[in-house]
Asks: 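The structure that follows is given in the form of structure tokens.
We number each residue from 1, following the sequence as shown.
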Amino acid sequence: MMTFSKKLIAGCLCASMLFSITACSEGGSDTDANSSNGSSSAAQTSATENTTAIATTDPDANASTDQEVKDMDVSTYTPSGEAGVVKYLGYYDITVDQKGEQQVKIFESDTYGGDIQWISASFGDGYFDKLATLIAADDSPDLLTFEPQAFPYGVSKNMYEPLDDMLDMDDPLWAEMRDLIKSYEYQGKHYYFPHRIVTWYALEYNRKTIADAGLEDPYDLYRAGNWTWDTWRQLMIDFCNQSEDHIGFYATDATINAFVSTTGVVVVDYLPGGGAQNNLHHADVTRAVEYLAEMGRSGLLYPESHPHGDWVSPQVFATTSDKILFLGLEPEWTYIAATENIQNATGVENDIFDTISDFAFVPYPRDPDADAYYQGSSCFGYMIPKGAKNVEGSIEFIMCNRLYETDEAIQAQIRKDHVDPEKVTYTAGKYLGMQKWQMKWDPEVYDLWREMCDPNNFEFVYEDLYGFGTDMQGFIGQSIIDCTFGSESWTQVCEEVSPLVQAKVDELGV
């Protein structure tokens, strides 16, 4: 499952990826890292999209507005109009989450006749514990978002329903996703039909900081074909040389894995026939980790003294991006959350409207020794748990989301909603009649975000480490951090960690 370089449709809706309870915009991403430097907590989240509605200090932010529901073409799939109640288990509410609210509204229209009911769950291991408890009590939910730990870990524990008898990967609607669906095969069955390709991590930065430091904009380097490990490192050297307070890159175990992926090799690779390939000793993995370790020894990485706290969230980055040159997190979430922290921090009365922020992002730099431009990537979609009572309704919701992703008119409107949003007014609550703050994207940033999900531009690799449970995530993540910020070589670390990796694979019997 490491390399997925088949040509998917360029129009697959780009979104986000990885870890924590995140903020997303409609048609956008689904994940990021709730991590802390020097620990493996980041790895305990999803290596794909996980999101919540944008955090805000305004308790009335989710009041109804006059935003219209988008019209969607259903000519290639006819909904029943009787989808019924679908119980969704998750640690965020997809009915108010900005990346999924429109799809839910369409599903709850007369066309589908559905109703999404959210069952709250905690994040991380607690999520899977609650799911297991509900399944054992014959009280299963009907739907869940895909979490990396679901495959192969959750599937091997018989926690999900195979979808082969209900969805046809050979249907033209799924054509661009077919090879990806096949990569999630377990013992001859397919449990996950992702409807969207998403970004994993990117490098966020502040354009004003770049300009003030007299550095070349990473976006320009990328467009010129000169965005490599070495030009990235040189920017950090030039920035850090200007002040002792300057930091080149905030790195966690998970963001380091994203850097490793640019070699075209992942740390742990699930094999379609079963089992996993341990690449800890691979020469390219070693080269990437030691490259970052040297940057750490040179003082370019976020120091262990944590001058801005253990966890540099997008909100923290919003106010410290004059000191931290690059933040390696999920791009859409970070771009929105950092901008919101500046423009929408204290409620509607003080909102800043129709202003493009200074924040931006670029993909991880190209490995100059690799044979292609590799990027860590992921996908987003839903799974059906074992024992679900409304399987048919869940299938209709999955199809609704796939139709939404492939509807050209909707995707064109989504771009307009991002770069030139129309005014939306509150129709209820304490802000009745007032304008609701909306993110106004820089068109260049938006188009790059979509480009970063297009396999015509990159060779995508998928890190399977996060699918083997938090134990493996923990000891590998901590080992990566220990090597990057410590004195041990990666070769020494691997001698200690490799037997633990193999033991975990053997334990799962995958």
Asks: Would you call Leu327 and Tyr205 a side-chain contact if the rule is heavy atoms closer than 4.5 Å?
Replies: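 Heavy-atom side-chain distance check fails, nothing below 4.5 Å.
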Asks: Flag the pair His195 / Phe380 as yes when their ring centroid distance falls below 6.0 Å, and as no otherwise.
Replies: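 Yes, close enough.
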Asks: Start with the C-alpha distance between Glu161 and Lys189, add both sets of side-chain angles, then the distance that settles salt bridge (charged side-chain N to carboxylate O under 4.0 Å, His left out), and finish with yes or no.
Replies: CA-CA 10 Å; Glu161 295 283 359; Lys189 297 181 179 180; over 6 Å; no
Asks: Tell me whether the rings of Phe460 and Tyr462 are parallel (<30°), tilted (30 to 60°) or perpendicular (>60°).
Replies: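 Rings of Phe460 and Tyr462: perpendicular, as their planes differ by over 60°.
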Asks: Please examine the side chains of Leu180 and Pro194, heavy atoms only from C-beta on, and report whether any two atoms are closer than 4.5 Å.
Replies: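 Pro194 vs Leu180: side chains touch.
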Asks: Do Phe107 and Gln103 come close enough that some side-chain heavy atom pair is under 4.5 Å?
Replies: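 Side-chain contact under 4.5 Å: no.
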Asks: Within the 4.5 Å heavy-atom criterion, are Gln117 and Tyr88 side-chain neighbours or not?
Replies: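 Side chain of Gln117 against side chain of Tyr88, heavy atoms only: no contact under 4.5 Å found.
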Asks: Going by the rule side-chain contact (heavy atoms from CB on, under 4.5 Å), which residues pair with Asp407 if we only count those two or more places apart in sequence or in a different chain?
Replies: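 Counting only residues at least two positions away or on another chain, Asp407 forms a side-chain contact (heavy atoms from CB on, under 4.5 Å) with Met72, Asp73, Ala409, Ile410.
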Asks: Kindly say whether Asn226 contributes a backbone atom to a donor-acceptor pair with the side chain of Thr231 at under 3.5 angstrom?
Replies: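 The answer is yes, because a donor-acceptor pair under 3.5 Å joins these two groups.
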Asks: Using a distance-only test with no angle check, is there a side-chain donor-acceptor pair under 3.5 angstrom linking Asp164 and Tyr191?
Replies: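 Judged by distance alone, the side chains do not pair up.
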Asks: Hey, is Arg233 close enough to Glu294 for a salt bridge, meaning N to O under 4.0 Å?
Replies: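 Looking at Arg233 and Glu294, the cut-off is not met.
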Asks: Give the C-alpha distance, both sets of side-chain angles, the deciding distance and a yes or no for side-chain contact (heavy atoms from CB on, under 4.5 Å) between Met236 and Met295.
Replies: CA-CA 9 Å; Met236 289 187 278; Met295 288 168 55; 3.0 Å; yes
Asks: Can the ring centres of Phe397 and Tyr382 be said to be less than 6.0 Å apart?
Replies: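 Yes.
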Asks: Give me the atom names and distance for the closest heavy-atom approach of Gly84 to Asn390.
Replies: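 Distance-wise, the nearest heavy atoms are C-ND2, 3.9 Å.
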Asks: Trp232 vs Phe326 aromatic rings, parallel, tilted or perpendicular, using cut-offs 30° and 60°?
Replies: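 Rings of Trp232 and Phe326: perpendicular, as their planes differ by over 60°.
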Asks: Please list all pairs meeting side chain to side chain donor-acceptor pair (under 3.5 Å) that have one or both residues in residues 258-267, counting only residues at least two apart or in different chains.
Replies: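 Side chain to side chain donor-acceptor pair (under 3.5 Å) check on residues 258-267 returns Trp229-Thr262.
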Asks: Okay, side chain of Glu451, backbone of Asn457: is any donor-acceptor separation there less than 3.5 Å?
Replies: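 No; zero donor-acceptor contacts below 3.5 Å.
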Asks: Between Tyr184 and Cys379, is any pair of side-chain heavy atoms under 4.5 Å apart?
Replies: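 Result yes, sub-4.5 Å side-chain heavy-atom pair found.
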Asks: Using side chain to side chain donor-acceptor pair (under 3.5 Å) as the criterion, list what pairs up with Ser120, not counting sequence neighbours.
Replies: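 So Ser120 forms no side chain to side chain donor-acceptor pair (under 3.5 Å) with any residue.
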Asks: When rounded to the nearest 0.5 angstrom, what is the spacing between CD1 in Ile414 and CD in Gln102?
Replies: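 Separation between the atoms: 8.0 Å.
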Asks: Could you tell me how the ring of Tyr270 sits relative to the ring of Phe151: parallel (under 30°), tilted (30 to 60°) or perpendicular (over 60°)?
Replies: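 Aromatic pair Tyr270/Phe151 classed perpendicular.
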Asks: Taking atom CG as the centre, does Asp170 end up with more than 12 heavy-atom neighbours from other residues, nucleotides or ligands that are less than 6.0 angstrom away?
Replies: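 Count over threshold, so yes.
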Asks: Between the side chain of Glu463 and the main-chain N/O of Leu465, is any donor-acceptor distance below 3.5 Å?
Replies: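 Side chain of Glu463 to backbone of Leu465, a donor-acceptor pair under 3.5 Å: yes, one is there.
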Asks: Say whether, by atom type as modelled, one donor and one acceptor occur between the side chain of Trp311 and the main chain of Val316 under 3.5 angstrom.
Replies: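 No; judged by distance alone, with no hydrogens or angles, the pair does not exist.
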Asks: Looking only at atom types and distance, does a side-chain atom of Thr255 sit under 3.5 Å from a main-chain N or O of Gly328, one as donor and one as acceptor?
Replies: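 No; zero donor-acceptor contacts below 3.5 Å.
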Asks: Applying the ring pair (Phe, Tyr, Trp, His ring centres under 6.0 Å) criterion to Tyr446, which one of Trp441, Tyr335, Phe361 satisfies it?
Replies: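 Between Tyr446 and the candidates, ring pair (Phe, Tyr, Trp, His ring centres under 6.0 Å) is satisfied uniquely by Trp441.
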Asks: Is the side chain of Gln502 donor-acceptor paired with the backbone N or O of Pro499 at a distance under 3.5 Å, no angle test?
Replies: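 Not at all, since once roles are kept as given, no pair shorter than 3.5 Å links the two residues.
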Asks: Does the His190 side chain pair with the main chain of Tyr192, one donor and one acceptor, at a distance under 3.5 Å?
Replies: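 It does not hold such a pair.
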Asks: Regarding His281 and Thr286, is there a side-chain donor-to-acceptor distance under 3.5 Å anywhere?
Replies: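 Note: His281 and Thr286 side chains miss the donor-acceptor criterion.
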Asks: If only side-chain N and O atoms count, and only distance matters, is there a donor-acceptor pair under 3.5 Å linking Arg223 with Tyr219?
Replies: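 Side chains of Tyr219 and Arg223: pair found under 3.5 Å.
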Asks: Main chain of Leu329, side chain of Glu204: is a donor-acceptor contact present, judged purely on distance under 3.5 Å?
Replies: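 Answer holds: yes.
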Asks: Where is the tightest heavy-atom contact between Leu134 and Pro141, given as atom of each residue plus distance?
Replies: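 Looks like CD1-CD, 4.0 Å.
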Asks: In this structure, which one of Trp200, Tyr374, Tyr373 forms a ring pair (Phe, Tyr, Trp, His ring centres under 6.0 Å) with Phe458?
Replies: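 By the ring pair (Phe, Tyr, Trp, His ring centres under 6.0 Å) criterion, Phe458 pairs with just one of Trp200, Tyr374, Tyr373: Tyr373.
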Asks: Would Asp284 and Arg287 count as a salt bridge (charged side-chain N to carboxylate O under 4.0 Å, His left out) if you check the C-alpha gap in whole Å, the side-chain angles of each, and the deciding distance to 0.1 Å?
Replies: CA-CA 5 Å; Asp284 286 331; Arg287 180 170 57 89; 3.1 Å; yes
Asks: Between Glu290 and Ser489, do the side chains contain an N or O donor and an N or O acceptor separated by less than 3.5 Å?
Replies: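 No.
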Asks: Quick one: are Asn257 and Val267 in side-chain contact, heavy atoms under 4.5 Å?
Replies: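 The answer is yes; the side chains approach within 4.5 Å.
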Asks: Judged by atom type as modelled, is there a donor-acceptor pair below 3.5 Å linking the side chain of Tyr201 to the main-chain atoms of Tyr364?
Replies: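 No; judged by distance alone, with no hydrogens or angles, the pair does not exist.
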Asks: Does the plane of the ring in Trp174 sit parallel, tilted or perpendicular to the ring in Phe193? Use 30° and 60° as the thresholds.
Replies: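 Geometry flag for Phe193 against Trp174: perpendicular rings.
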Asks: Just do the side-chain contact (heavy atoms from CB on, under 4.5 Å) check on Leu89 and Thr145 with the steps written out, would you?
Replies: CA-CA 8 Å; Leu89 177 69; Thr145 50; over 6 Å; no
Asks: Using the side-chain contact (heavy atoms from CB on, under 4.5 Å) rule, take Tyr153 and Phe468 through it: C-alpha gap first, then chi angles, then the decisive distance, then the call.
Replies: CA-CA 5 Å; Tyr153 177 82; Phe468 285 85; 5.8 Å; no
Asks: Between the side chains of Asp139 and Lys389, is the shortest nitrogen-to-carboxylate-oxygen separation below 4.0 Å, so that they form an ion pair?
Replies: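 No, no charged N to carboxylate O under 4.0 Å.
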Asks: So, Asn279 side chain and Val268 main chain: donor-acceptor pair closer than 3.5 Å or not?
Replies: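 Looks like no, no N/O pair under 3.5 Å.
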Asks: Have a look at Arg402 and tell me which of Leu173, Asp171, Leu167 forms a side chain to side chain contact (heavy atoms under 4.5 Å, CB included) with it.
Replies: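 For Arg402, the side chain to side chain contact (heavy atoms under 4.5 Å, CB included) test succeeds with only one of Leu173, Asp171, Leu167, which is Leu173.
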Asks: May I have the step-by-step check of side chain to side chain donor-acceptor pair (under 3.5 Å) for Ser80 and Glu396, ending in yes or no?
Replies: CA-CA 8 Å; Ser80 69; Glu396 289 212 40; 2.4 Å; yes
Asks: Taking it one step at a time, do Asp447 and Arg415 satisfy side-chain contact (heavy atoms from CB on, under 4.5 Å)?
Replies: CA-CA 9 Å; Asp447 290 339; Arg415 184 186 187 280; 2.9 Å; yes
Asks: Is the shortest side-chain heavy-atom distance between Leu221 and Leu235 below 4.5 Å?
Replies: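 SC-SC contact between Leu221 and Leu235 confirmed.
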Asks: Could you verify whether a donor N or O on one side chain and an acceptor N or O on the other, from Asp93 and Thr95, lie under 3.5 Å apart?
Replies: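 Side chains of Asp93 and Thr95: pair found under 3.5 Å.
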